[in-house]
2 protein chains.
Amino acid sequence: MGRLQRELRQNRPFQSTAHEAVVGLIRTADLVRRHMTALVEPHGITLQQFNVLRILRGADTEARDGVPTLEIADRMIEQTPGVTRLLDRLEAKELVRRQRCPKDRRQHLCWITPKGLALLQKLDEATLRSHEDSMKGLKTKDRATFIRLMEAIRAPHQ
Amino acid sequence: MGRLQRELRQNRPFQSTAHEAVVGLIRTADLVRRHMTALVEPHGITLQQFNVLRILRGADTEARDGVPTLEIADRMIEQTPGVTRLLDRLEAKELVRRQRCPKDRRQHLCWITPKGLALLQKLDEATLRSHEDSMKGLKTKDRATFIRLMEAIRAPHQ
DNA sequence: TGTCAATAGTTGATATGTCAAGTATTGGTA
DNA sequence: TACCAATACTTGACATATCAACTATTGACA
């Protein structure tokens, strides 16, 4: 009887290896997600808001143009409808600034504020440690394999 | 430049292999989750409700005792506060039946109804195919490796 | 130049998730 | 046997997610 089966207290084996992989994947991601969430939420932001801030910081260091709303949506780690409201909340907390794009007035460009940058900076070290902690069960070589396998999973889906 | 980095349109490498693994994991799980969600939601249930039904079916085939609410919570693939309301909705749809346990009146025991069983049965084949489709990027041997690596990730966290 | 589909985002309605505080019941202990 | 902490939920209040319908603006084409 496999480890995962025991974890879920099931007494029937998985229907297929694919099934076991899917369940394991969702379960493992949930674990790591909660890990990260526990880190950022005490600072008054959700994991998705944190992700938006990181996208904006990344964009900020290379160009001052601001990122249009839908491009943020596109870059999110997890697909997220409702980026508008995510940004509303970040703007209310003064972590993000928005402005209508003069060249294409349909677009709203977004920037991270100094306050947002400061928050990220405060979290940087802990984030690094959290990633290490999440993956401490894998040695360096296994991590590379793991990353490669996940890329192979995603590849056929666009 | 790695594949994931391109996917997220980043121009800066990941801070560490652990970081890349974490981001890849959450992203891959999100993909597979949406896959499954697209399958079950047209039938009027969420992925978590589907998960509850599968737990109850699994329990049903081996014992007729019914499963207490908190044990369902415990068996969920993803940690879920608010199983009570999940069950409320399932009961409203008559997919689940609940009853106070006579031996310990604090507990509420849950069963899947014939209607719930029928719904699961209708979804069984498509679910199987969905798992295969999600994992089609991995060959059999790689699937086993993948499962093993994820177990190694989870092991140190309890 | 006027029309119109396509793009970029917003908004409203509703479902769902989440946390803290509350109730009922039990089992242990003085 | 009376008390009290622990268990097993439930409920209320609030935040967030999701979908569809809507507005504003642009770019292409007749």
Side-chain angles (χ1 to χ4, degrees), chain A residues 26 29-30 33-34 36-38 40-53 55-56 65-93 95-111, chain B residues 26 30 33-53 55 65-93 95-111:
Chain A
I26 293 175
D30 183 49
R33 244 183 139 279
R34 287 204 315 273
M36 285 293 297
T37 301
V40 304
E41 295 213 328
H43 294 263
I45 55 171
T46 65
L47 191 53
Q48 302 217 347
Q49 290 173 359
F50 177 68
N51 192 211
V52 170
L53 291 179
I55 288 166
L56 291 179
D65 314 6
V67 184
T69 305
L70 286 192
E71 189 175 333
I72 295 176
D74 220 60
R75 288 196 194 185
M76 294 289 283
I77 299 175
E78 299 176 281
Q79 193 182 288
T80 308
V83 182
T84 297
R85 286 204 244 257
L86 254 175
L87 287 165
D88 288 349
R89 285 160 203 150
L90 284 168
E91 196 175 30
K93 291 173 201 158
L95 302 171
V96 157
R97 178 169 65 79
R98 272 188 292 186
Q99 197 187 311
R100 206 169 245 246
C101 175
K103 305 203 168 181
D104 183 343
R105 292 174 42 74
R106 290 170 302 180
Q107 292 189 152
H108 279 193
L109 301 178
C110 308
W111 291 265
Chain B
I26 293 175
D30 183 49
R33 245 184 140 277
R34 289 204 314 275
H35 229 251
M36 284 295 296
T37 301
L39 190 94
V40 303
E41 295 213 329
H43 294 263
I45 55 171
T46 66
L47 191 53
Q48 302 215 348
Q49 290 172 359
F50 177 67
N51 193 210
V52 169
L53 291 180
I55 288 165
D65 314 6
V67 183
T69 305
L70 286 192
E71 190 176 331
I72 294 176
D74 220 61
R75 289 198 194 183
M76 294 290 282
I77 299 176
E78 298 175 281
Q79 193 181 290
T80 309
V83 182
T84 298
R85 284 205 245 260
L86 255 176
L87 286 166
D88 288 349
R89 286 160 202 150
L90 285 169
E91 195 175 30
K93 292 174 201 156
L95 302 171
V96 157
R97 179 169 64 81
R98 273 189 290 187
Q99 196 187 309
R100 207 168 243 247
C101 176
K103 304 203 167 178
D104 183 344
R105 292 174 44 74
R106 289 171 302 181
Q107 292 189 155
H108 278 193
L109 301 178
C110 308
W111 292 264

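Numbers restart at 1 for each chain; the letters A, B, ... are given by sequence-line order, proteins then strands. Note that these values count all heavy atoms, side chains included, but never hydrogens, waters or copies made by symmetry.
- The interatomic distance linking B:Arg98 (CZ) with D:dC9 (P) rounds to 10 Å, in whole Å.
- In terms of phosphate contacts, B:His108 brings no side-chain nitrogen or oxygen within less than 4.0 Å of OP1 or OP2 of D:dA8.
- Of all nucleotides in DNA chain C, those with any atom nearer than 4.0 Å to a heavy atom of chain B start and finish, going 5' to 3', at C:dT16 to C:dT26.
- For A:Arg97, there are no side chain to side chain donor-acceptor pair (under 3.5 Å) partners, not counting sequence neighbours.
- At a threshold of 4.5 Å between non-hydrogen side-chain atoms, the residues B:Thr46 and B:Glu41 count as touching.
- The base of D:dT7 is paired with the side chain of B:Arg106 by a donor and an acceptor separated by under 3.5 Å.
- Distance, A:Gln107 CD to D:dT26 C1': 10 Å, rounded to whole Å.
- Atom CZ in B:Arg34 sits about 11 Å away from atom P in D:dC19, given to the nearest Å.
- The ring pair (Phe, Tyr, Trp, His ring centres under 6.0 Å) search around B:His43 returns none, not counting sequence neighbours.
- Here D:dG27 presents its P atom at 6 Å from CG of A:Asp104, a figure rounded to the nearest Å.
- Counting non-hydrogen atoms under 4.0 angstrom, B:Thr84 reaches a base of the nucleic acid.
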Generate the contact string for nucleotides 13-18 of chain D. Rules: B means base contact, S means sugar-phosphate contact only, - means no protein heavy atom under 4.0 Å. B--SSB
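- Legend: residues meeting side chain to side chain donor-acceptor pair (under 3.5 Å) with B:Thr80, ordered by chain and number and at least two apart, are B:Gln48.
- Listed by chain and number, the residues in a side-chain contact (heavy atoms from CB on, under 4.5 Å) with A:Arg34 are A:Asp30, A:Leu31, B:Gln79 (sequence neighbours excluded).
- Not a single side chain to side chain donor-acceptor pair (under 3.5 Å) links B:Arg89 to another residue, sequence neighbours left out.
- With sequence neighbours excluded, no residue satisfies salt bridge (charged side-chain N to carboxylate O under 4.0 Å, His left out) with A:Arg85.
- Remark: B:Arg105 pairs with no residue by the side chain to side chain donor-acceptor pair (under 3.5 Å) rule, at least two apart or across chains.
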